[in-house]
Undergrad: 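Okay, here's the structure, questions in a sec.
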Amino acid sequence: MTGLWVTLEGGDGSGKSTQAALLADWLATQGRTVVRTREPGGTEVGALLREIVLHHRGEIDSRAEALLYAADRAQHVSTLVRPALERGDVVIQDRYLDSSVAYQGAGRVLDAVEVRDLSLWATGGALPDVTVLLDLDPATARARLDAADKPFDRLEAEASDFHSRVRDGFLALAAAEPGRFLVLDAARPAAELAAQVRARIAPLL
Ligand code: TYD
């Protein structure tokens, strides 16, 4: 049995965690061992880095921010993701390098190719088997986040044109790699989206 690596991408409030949980439940019924993880913060070092990138209230230089995410990613892939895939597990991961390209590249005006190359260097070129993009209009996402009443998050607090650029960044990435991406309309009901994800994953098991 070979491992399978699935990442979920999309703006804040697009429903990634819900879909990750539904997919994990279904894979368990298929007898697969599932590792659920996320970036930033999937490891002990990553949790420390997550504190800095998400909760530090002062200014963080754009390049410093990109490097912090890349550092989290390097640690995560080498100590958690790769070993899990080598065991034959299914890794379901909230966010990966596409988030860096969309947020640090499209959102923060760093060069998208450089940001992507930085992550590929950090991880020895590791790319997921499937990336599910939960595409959602930022205004709808904002309404969901406000309803959820979560604690302060530096990136979620960015202005709406930032989130529009992030969305466009994700869609451009998906268009460039149609073989890896499954793009879904995240405004659809969760159960319907979960069925579309299962249909994409099932032949790969
Ligand atoms: P996430 O864990 O999805 O937030 P939450 O648990 O609050 O839903 O993502 C945290 C934030 O980090 C999100 O706003 C996007 C941002 N991010 C980047 O800017 N670059 C990256 O490379 C990653 C992985 C996340």
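The shown structure was predicted, so the numbers you read here are calculated from the model rather than taken from an experiment. The residues of the chain are indexed from 1 along the displayed sequence. Order of listing sets the numbers, starting from 1, for every ligand and every atom in it.
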Undergrad: Let me confirm one number: the CG-NE2 distance from L68 to H56, rounded to the nearest 0.5 Å.
TA: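 Answer rounded to 0.5 Å: 10.0 Å.
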
Undergrad: Check the side chains of D12 and Y103 for a donor-acceptor pair under 3.5 angstrom, ignoring hydrogens and angles.
TA: yes

Undergrad: How would you list all residue pairs meeting salt bridge (Lys or Arg N to Asp or Glu O under 4.0 Å) that involve residues 109-124, not counting sequence neighbours?
TA: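 Those involving residues 109-124 are R116-E177.
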
Undergrad: Quick one: does ligand 1 sit under 4.0 Å from the side chain of E65, the backbone, both or neither, non-hydrogen atoms only?
TA: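 For E65, no heavy atom sits under 4.0 Å from ligand 1.
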
Undergrad: Tell me which part of L54 gets within contact of ligand 1: side chain, backbone, both or neither, using heavy atoms under 4.0 Å.
TA: side chain

Undergrad: Report yes if some N/O of S100 lies less than 3.5 Å from some N/O of ligand 1; otherwise report no.
TA: yes

Undergrad: Once ring-ring contact (aromatic ring centres under 6.0 Å, His included) is applied, what residue pairs with a partner in residues 72-100 remain, sequence neighbours excluded?
TA: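 Listed once each, the pairs are W5-Y96.
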
Undergrad: Pairs of nitrogen or oxygen atoms closer than 3.5 Å, one from D12 and one from ligand 1: do any exist?
TA: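 It does: an N or O of D12 is found under 3.5 Å from an N or O of ligand 1.
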
Undergrad: Does R50 approach ligand 1 within less than 4.0 angstrom via side chain, backbone, both or neither, non-hydrogen atoms only?
TA: side chain

Undergrad: Between D161 and S164, do the side chains contain a donor N or O and an acceptor N or O under 3.5 Å apart?
TA: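 No, because no side-chain N or O of S164 sits under 3.5 Å from a partner of the opposite role on D161.
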
Undergrad: Is there a heavy atom of D94 sitting under 4.0 angstrom from any atom of ligand 1?
TA: no

